[in-house]
Amino acid sequence: MDKIVVSNLDLFYGEQQALNNINLAMTEKSVTALIGPSGCGKSTFLRALNRMQDLIPNVKILGQVRIDGQDIYATNSDVVMLRKRVGMVFQNPNPFPKSIFENVAYGPRIHGETNKKKLNEIVETSLQGAVLWDEVKDRLHKSALGLSGGQQQRLCIARVLAVEPEILLMDEPTSALDPISTMKIEELISELKNKYTIIIVTHNMHQASRVSDRTAFFLNGELVEEDVTSILFTRPAKKKTEDYISGRFG
Ligand SMILES: Nc1ncnc2c1ncn2[C@@H]1O[C@H](COP(=O)(O)OP(=O)(O)OP(=O)(O)O)[C@@H](O)[C@H]1O
C-alpha cells in the first residue's frame, strides 16, 4: 500500500527550480532509496516530505505530498504532528550535549510525557529498536558525546523512534561512518522496515542495492526513473539511468 504519494511537486529556492514535476509513490513498510549526482535534488525532495523547507525564506512549493491520503501542505495540516509522524536522521550524527537517556527522552517529553516509569520504558524500547541498548544500558546517564560516531547515529535513530513515527527519512545516514558502523546501520534499516516506511538518500549505489526495495533516480531536479531496486540497477528503462549507474557521469 502507498504510504506517501507525491504528485506534480515543484520546489523553487527563489528563482531557482530545484524540483520539477516530481511524481512518486512510496510503499508502506518498505525502503525507497533516492540516488543521483550531487545537486540533483535528493535532499530537497526528502526534506519536502516533512516540510523542512518551511523556515527557509523564498521557497515556493507547488503540487501535493499526501501521507495516508492527507496533503501535508494543506492549510489545516498540523506541522508538529507531521514531524512526529515523519522522523528525520541526518548525515552527521547530531546528539544533544546531554546524557544518552535525555537524548531519547527529549522527544516524548516535548510531546507531554512526564511519567518517569513510562519514560524509562520508552528509552529502553527505543534504544532496543535502534540496536544500541546492550552497548549503553550501563551508561544511560553518561554524555551522548562519549559514544562512537556509529553509536551516536544509532542514538539519533533511537531519538526518532521514541516519538513513535510512521516514516523515517534518512539523509545519507552512513556517509560519516566507518564500514562496520555502516553495516550495523544497514542491518538496522532492514530490521526497521518491518515497522516503518523508510526513505533514504544515498550516494552509494551498493548501499541502495543492499538496503532498498525500490530506487528512484534523480537528475537535475527531475525524477528520471523509479523501479524495483534490482531492476533499476540491472535493466534500467532510461539511457540516463544506465549512464549513471554504469559510472559514466556523477
Ligand atoms: N537552502 C537552499 N537555498 C538555496 N538553494 C538550495 C538550498 N538547498 C539546496 N539548494 C539547491 O537546490 C539544488 C538541489 O540541492 P540538494 O541539496 O537537494 O541536492 P542533492 O541531490 O541532495 O545534493 P547532494 O548529493 O550534494 O547532497 C542545488 O542546486 C542546491 O544548490
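Note that the coordinates shown come from a computational prediction; the quantities given were computed from them, not determined experimentally. Just so you know, ligand 1 is whichever comes first in the structure, and atom 1 is the first atom listed for that ligand. Note: hydrogens, waters and symmetry copies are ignored here, and every other heavy atom, side chains too, is used.
Distances from ligand 1 to the non-hydrogen atoms of Cys40 include at least one value under 4.0 Å. Using a 4.0 Å cutoff on heavy atoms, Arg47 does not count as a contact of ligand 1. The shell of residues lying under 4.0 angstrom from ligand 1, judged by heavy atoms, excludes Gln53.
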Checklist entry - Given the rule in the side-chain contact (heavy atoms from CB on, under 4.5 Å) test, do Ser77 and Arg51 qualify, once you have shown the distances and angles that lead to the verdict? => result CA-CA 11 Å; Ser77 174; Arg51 293 185 51 166; 4.0 Å; yes
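Under 3.5 Å, the side chains of Thr174 and Gln207 contain a donor-acceptor pair of N or O atoms.
Within ligand 1, the atoms closer than 4.0 Å to a non-hydrogen atom of His203 are 25 (O), numbered from 1 in the order shown. Close approach of ligand 1 to Thr44 is summarised as follows: ligand atoms under 4.0 Å from at least one heavy atom of the residue are 14 (C), 15 (O), 16 (P), 18 (O). Residue contact check: Pro37 has heavy atoms under 4.0 Å from atoms 21 (O) of ligand 1.
Among protein heavy atoms, the minimum distance from atom 9 (C) of ligand 1 is reached at Tyr13 CE1, 3.4 Å. Looking from atom 26 (O) of ligand 1 to the surrounding protein, the closest heavy atom is Ser38 OG, 2.5 Å. Scanning the protein heavy atoms around atom 28 (C) of ligand 1, the nearest turns out to be Gly39 O, 3.8 Å. Annotation: atom 19 (O) of ligand 1 to nearest protein heavy atom, Gly41 N, 3.2 Å. The protein heavy-atom contact nearest to atom 25 (O) of ligand 1 is Lys42 NZ, 2.8 Å. Among all non-hydrogen protein atoms, the one lying nearest atom 29 (O) of ligand 1 is Gln16 NE2, 3.0 Å.
Within 4.0 Å of atom 31 (O) of ligand 1, not a single protein heavy atom is present. Inside a 4.0 Å radius of atom 13 (C) of ligand 1 there is at least one protein heavy atom.
Side-chain contact check for Arg154 versus Ile185: some heavy-atom pair is nearer than 4.5 Å. Using a 4.5 Å heavy-atom cutoff, the side chains of Leu62 and Leu9 are not in contact. Using a 4.5 Å cut-off on side-chain heavy atoms (C-beta onward), Leu127 and Glu135 make no contact. Within the 4.5 Å cutoff, the side chain of Pro236 has no heavy atoms near those of the Asp227 side chain.
Between Asn220 and Cys40 the shortest heavy-atom distance is N-CB, 3.7 Å.
Both the sub-6.0 Å distance and the 45° axial angle are not jointly satisfied by Lys42 relative to the ring of Phe218.
Of the polar atoms of Ile56, none of the N or O atoms is found under 3.5 Å from an N or O of ligand 1, judged by distance alone.
Using a 4.0 Å cut-off between charged side-chain N and carboxylate O, Glu186 and Arg210 make a salt bridge.
The closest non-hydrogen atom to atom 22 (O) of ligand 1, taken over Pro57, Ala48, Ser43, Ala18, comes from Ser43.
Linking Ile, Leu, Val, Met, Phe, Trp and Tyr residues whenever their side-chain heavy atoms come within less than 4.5 Å leaves Val5 and Ile167 in two separate clusters.
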